[in-house]
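Notes follow the structure.
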Amino acid sequence: MGVIVGPRVIDAELSLAVVQLAPVAVAAGYPSPAQDYFDGRIDLNEHLIKDVTSTFIVRVSGHSMEQAGISDGDELLVNRALEPKDGSVVIAVLDGELTVKRLRITPSGVILQADNPAYPDIEVPALSELTIWGVATTCLHHV
């Protein structure tokens with residue numbers, strides 16, 4: 001089902017990562033003679049996190065979101081301050097259970113959509129308790 005394993009708070013005092021920045025783009029087609037030196041550092045917090053006080057990291061467990069590019073073991077940056085919209089990838093709490101799904105708002109109700117045809121969508125029953133915990137903004141996918 002694509003469940004979430006323990007959200008972690010991003011500490012405002014600590015940097016997510018400060019890494020070397022390559023001075024040139026790397027070709028994804030034909031190789032080019034790239035330069036083999038790095039030109040300074042880049043703080044990933046500045047590029048990945050817009051609101052450090054509302055952003056959490058959650059680890060994904062399961063395969064229900066694979067066609068959205070979210071795989072088992074990936075980590076999601078989740079912003080709790082963003083307003084969820086139709087089509088947002090969200091962390092939802094349905095009847096006390098956490099899951100990551102695409103939010104679909106239809107005339108007939110709310111659907112938590114899996115992005116893998118092997119998994120069924122969840123049509124949220126009218127009497128269920130649903131809370132959208134946060135909106136996923138970035139997937140840290142391990143290669």
Side-chain angles (χ1 to χ4, degrees), residues 1-32 34-35 38-143:
M1 174 187 275
V3 297
I4 303 303
V5 179
R8 295 181 292 170
V9 176
I10 297 172
D11 188 339
E13 300 298 317
L14 300 175
S15 178
L16 178 64
V18 177
V19 296
Q20 293 281 0
L21 172 64
V24 294
V26 177
Y30 292 102
S32 68
Q35 303 177 1
F38 290 90
D39 188 32
R41 295 189 177 271
I42 183 171
D43 184 350
L44 292 177
N45 286 318
E46 294 176 17
H47 295 277
L48 298 177
I49 300 171
K50 294 189 180 357
D51 183 358
V52 72
T53 61
S54 299
T55 301
F56 293 77
I57 297 175
V58 297
R59 180 166 292 135
V60 176
S61 173
H63 303 279
S64 71
M65 296 300 289
E66 285 186 344
Q67 289 185 343
I70 302 170
S71 300
D72 183 54
D74 286 352
E75 293 173 324
L76 298 176
L77 296 181
V78 179
N79 188 328
R80 296 200 65 199
L82 292 178
E83 185 73 28
K85 300 179 226 168
D86 181 58
S88 296
V89 174
V90 298
I91 308 304
V93 184
L94 179 60
D95 294 329
E97 299 288 327
L98 281 166
T99 188
V100 57
K101 294 287 183 280
R102 189 169 304 280
L103 179 66
R104 293 296 179 194
I105 302 168
T106 70
S108 61
V110 175
I111 297 172
L112 299 174
Q113 178 185 354
D115 276 355
N116 181 337
Y119 292 82
D121 296 339
I122 301 168
E123 294 184 31
V124 179
L127 298 178
S128 291
E129 186 176 324
L130 174 67
T131 302
I132 302 302
W133 190 84
V135 177
T137 59
T138 303
C139 178
L140 304 175
H141 182 75
H142 303 278
V143 293

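Residues satisfying the salt bridge (Lys or Arg N to Asp or Glu O under 4.0 Å) test with Asp86, not counting sequence neighbours, are Arg104.
Between Ala92 and Ile132, the shortest heavy-atom distance links the atoms CB-CD1, 4.1 Å. Annotation for Val135 and Pro84: closest pair CG2-CA, 3.8 Å, computed over non-hydrogen atoms. The shortest non-hydrogen separation linking Asn79 to Leu82 is OD1-N, 3.5 Å. Asp72 and Gly62 make their closest contact through OD1-N, 2.7 Å (heavy atoms, listed as atom of the first residue, atom of the second, distance).
Each of His63, Lys101, Arg102, Gln67 was checked for a side-chain hydrogen bond (donor to acceptor under 3.5 Å, both in side chains) with Asp115, and the lone residue meeting it is Arg102. Put simply, the residue from Val100, Asp121, Ile122 that forms a side chain to side chain contact (heavy atoms under 4.5 Å, CB included) with Leu112 is Ile122.
Leu94 has its side chain within reach of Leu130: a pair of non-hydrogen atoms, C-beta onward, lies under 4.5 Å apart. Between Ile111 and Thr106, some side-chain heavy-atom pair lies under the 4.5 Å cut-off.
Asn116 places no side-chain N or O within 3.5 Å of a backbone atom of Met65 that could act as its donor or acceptor partner.
More than 12 non-hydrogen atoms from other residues, nucleotides or ligands lie less than 6.0 angstrom from CD of Glu66.
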Ignoring hydrogens and angles, write down the donor-acceptor pairs under 3.5 Å from the side chains of residues 136-143, residues two or more places apart or on other chains.
{"residue": "Thr137", "atom": "OG1", "partner": "Leu77", "partner atom": "O", "Å": "3.2"}
{"residue": "His141", "atom": "ND1", "partner": "Asp74", "partner atom": "OD1", "Å": "3.1"}
{"residue": "His141", "atom": "ND1", "partner": "Asp74", "partner atom": "OD2", "Å": "2.7"}

